[in-house]
Amino acid sequence: MMVALDGTIVAIANPAIQADLKASFADVQWITNGYFLALAVALITAGKLGDRFGHRQTFLIGVVGFAAASGAIGLSSSIAAVVTFRVLQGLFGALLMPAALGLLRATFPAEKLNMAIGIWGMVIGASTAGGPILGGVLVEHVNWQSVFFINVPVGVLALVLGVLILLDHRAENAPRSFDILGIALLSAAMFCLVWALIKAPTWGWGDGLTWTFIAVSLAGFVLFAVWETKVKEPLIPLALFRSVALSAGVVLMVLMAIAFMGGLFFVTFYLQNVHGMSPIDAGLHLLPLTGMMIVGSPLAGAMITKLGPRVPLAGGMASVAIAMFGMSTLETDTGSAVMSLWFALLGLGLAPVMVGATEVIVGNAPMELSGVAGGLQQAAMQIGGSLGTAVLGAVMASKVDGDLAANWKGAGLPALTPAQLDQASEAVQVGVPPVAKGTPEAIVAKITDVAHDTFISGMSLASLVAAGVAVVAVFVALLTKRGANAEAGAGVGHI
């Protein structure tokens, strides 16, 4: 719950963090991206660590490190320190996620495993969606630091319960070595890709530097794939991807997270900076999203058990596509009822994907690779979240940069220098009117209208891109099927 919660709880605190630490738009993105990237890169390695040394040990180490890093973020006074400790938080969080799934698979017999995974999926989904609400309460009534401090007592409780309750399970065919070069290649490839996407609006999409990073990233992925076929114990055994269903499940998780995490990033700025809501009001407006995920997850689990994953997953992504298209129609004066409709539809669509992807990926992997498969499933979601924030952030920034000057001129406002226009664009990207002190009220109103209209145009385009990603995911979902190992129970492949 802690790890999933921290993926989205920070979204509602981003405006407060940005204002308090005087951070740029790219800095705020890195608060999210640093966490997601660390998680994504380390999850598969963490799954192997759990298989090798025991999931109980990796889980407890992860709990302690995650809580400590959270406390350090709350004590940070610079954006650089926040991002640094967010990366550490993500690394320790990576130890928790596959370990939790590995413990479930080792503990529950066949007839109870699907329900256990369903409940696990519900907790992940509800925590992911509930983050903005809890974040809103904490930011408004305490401060943004409390969003991170809350993990300290939760971590202590998790540690005590873990020591008392969790049993040690170790895989029979555990890895004896670790693919250090594979880890380095994958990390470098992912970093270069997301860095290029974040910096492209500043450098320009036609700039050589942007494409240099993209080229280095692609080369890194190719080298990683080649190396994985050579090494004795690879980070990701490529034989896993011979299963079409497993590959489809991984791609589906990436696409779902791009649409969901990327879309959620802008919604918080829309609610707070355009509609002028307080953090807690913004969180409450996302309650339909949270509620539908909590209600929909166990229902989706039962439906997937009965029908198999294909129809529920395709239907879920179709709902996500419709919801994101609906969110592209939001205006500066859109009412709460309309917003709630789209948020509820989004939650309803996400529930079966959160629950079903675990069965599709882990169930289609050999038992001896269940830890790796669990890490792969979570890594796919974290990579998708990071790419979603970066890609849709780049779309938003490009649209705002392209429209702001014309909108500013069309409103009859005084001309801006290139430097002033860049500063104004950065503010508008998060929905904040670039108003200087002492500006007359009539001019303030015009600037506010221009800023909000330009922000809405950027958010609309980003939402349409997210909807398109979700449509592609519908077709990917049709390639999934229940795995041969989905019913594997307690004790199988463990000692």
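Fair warning: this is a prediction, and the values are worked out from it, not measured in the lab.
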TODO: Using side-chain contact (heavy atoms from CB on, under 4.5 Å) as the criterion, list what pairs up with T417, not counting sequence neighbours.
DONE: A419, Q420

Keeping [X] on the side-chain end and [Y] on the backbone end, is there a donor-acceptor pair under 3.5 Å?
{"X": "S328", "Y": "S463", "value": "no"}
{"X": "W408", "Y": "P414", "value": "yes"}
{"X": "T334", "Y": "E331", "value": "yes"}
{"X": "R86", "Y": "Y35", "value": "no"}
{"X": "S146", "Y": "V142", "value": "no"}
{"X": "S460", "Y": "I456", "value": "yes"}
{"X": "H452", "Y": "N273", "value": "yes"}
{"X": "S217", "Y": "F213", "value": "no"}
{"X": "H285", "Y": "D281", "value": "yes"}

So [Y] and [X], do their side chains get closer than 4.5 Å, heavy atoms only?
{"X": "C192", "Y": "I214", "answer": "no"}
{"X": "L75", "Y": "F148", "answer": "no"}
{"X": "Q145", "Y": "I73", "answer": "no"}
{"X": "I79", "Y": "I17", "answer": "yes"}
{"X": "W342", "Y": "M324", "answer": "no"}
{"X": "L464", "Y": "V395", "answer": "no"}
{"X": "N151", "Y": "Q89", "answer": "yes"}
{"X": "W227", "Y": "L185", "answer": "yes"}

What pair of heavy atoms forms the shortest contact from [X] to [Y], and how long is it?
{"X": "F455", "Y": "F266", "value": "CZ-O, 4.0 Å"}
{"X": "S425", "Y": "V400", "value": "OG-CG1, 3.6 Å"}
{"X": "L21", "Y": "S77", "value": "CD2-O, 3.6 Å"}
{"X": "M459", "Y": "M396", "value": "N-CE, 3.4 Å"}
{"X": "S319", "Y": "L345", "value": "O-CG, 3.7 Å"}
{"X": "V139", "Y": "V147", "value": "CG2-CG2, 3.8 Å"}

[atom1]-[atom2] distance between [X] and [Y], expressed to the nearest 0.5 angstrom:
{"X": "F149", "Y": "S70", "atom1": "CZ", "atom2": "OG", "answer": "10.0 Å"}
{"X": "L341", "Y": "L346", "atom1": "CG", "atom2": "CG", "answer": "11.0 Å"}
{"X": "L186", "Y": "E228", "atom1": "CG", "atom2": "CD", "answer": "8.0 Å"}
{"X": "L43", "Y": "L376", "atom1": "CG", "atom2": "CG", "answer": "9.5 Å"}
{"X": "Q272", "Y": "E140", "atom1": "CD", "atom2": "CD", "answer": "9.0 Å"}
{"X": "M292", "Y": "L348", "atom1": "CE", "atom2": "CG", "answer": "4.0 Å"}

Task: Steps toward side-chain contact (heavy atoms from CB on, under 4.5 Å) verdict (M253, I361) - done: CA-CA 10 Å; M253 285 301 296; I361 296 172; 4.1 Å; yes

Task: side-chain contact (heavy atoms from CB on, under 4.5 Å) between F59 and V63, worked out - done: CA-CA 6 Å; F59 182 88; V63 164; 3.8 Å; yes

Open item on the list: Please enumerate all residues that pass salt bridge (charged side-chain N to carboxylate O under 4.0 Å, His left out) together with D27, with sequence neighbours excluded.
Closed with: none

- [ ] Look at atom CZ of F325 and say whether more than 12 heavy atoms of other residues, nucleotides or ligands are closer to it than 6.0 Å.
- [x] no

Task: side chain to side chain donor-acceptor pair (under 3.5 Å) against N407, all qualifying residues, sequence neighbours excluded - done: T454

TODO: May I ask you to check whether H275 and Y270 place their ring centres under 6.0 Å from each other?
DONE: yes

TODO: Please test M317 against L252 for side-chain contact (heavy atoms from CB on, under 4.5 Å), starting from the C-alpha separation and ending with a verdict.
DONE: CA-CA 9 Å; M317 288 313 306; L252 184 64; 3.7 Å; yes

TODO: For side-chain contact (heavy atoms from CB on, under 4.5 Å), just list the numbers for N143 and D20, CA-CA rounded to whole Å, side-chain angles, deciding distance to a tenth of an Å, and then say yes or no.
DONE: CA-CA 10 Å; N143 51 36; D20 187 33; over 6 Å; no

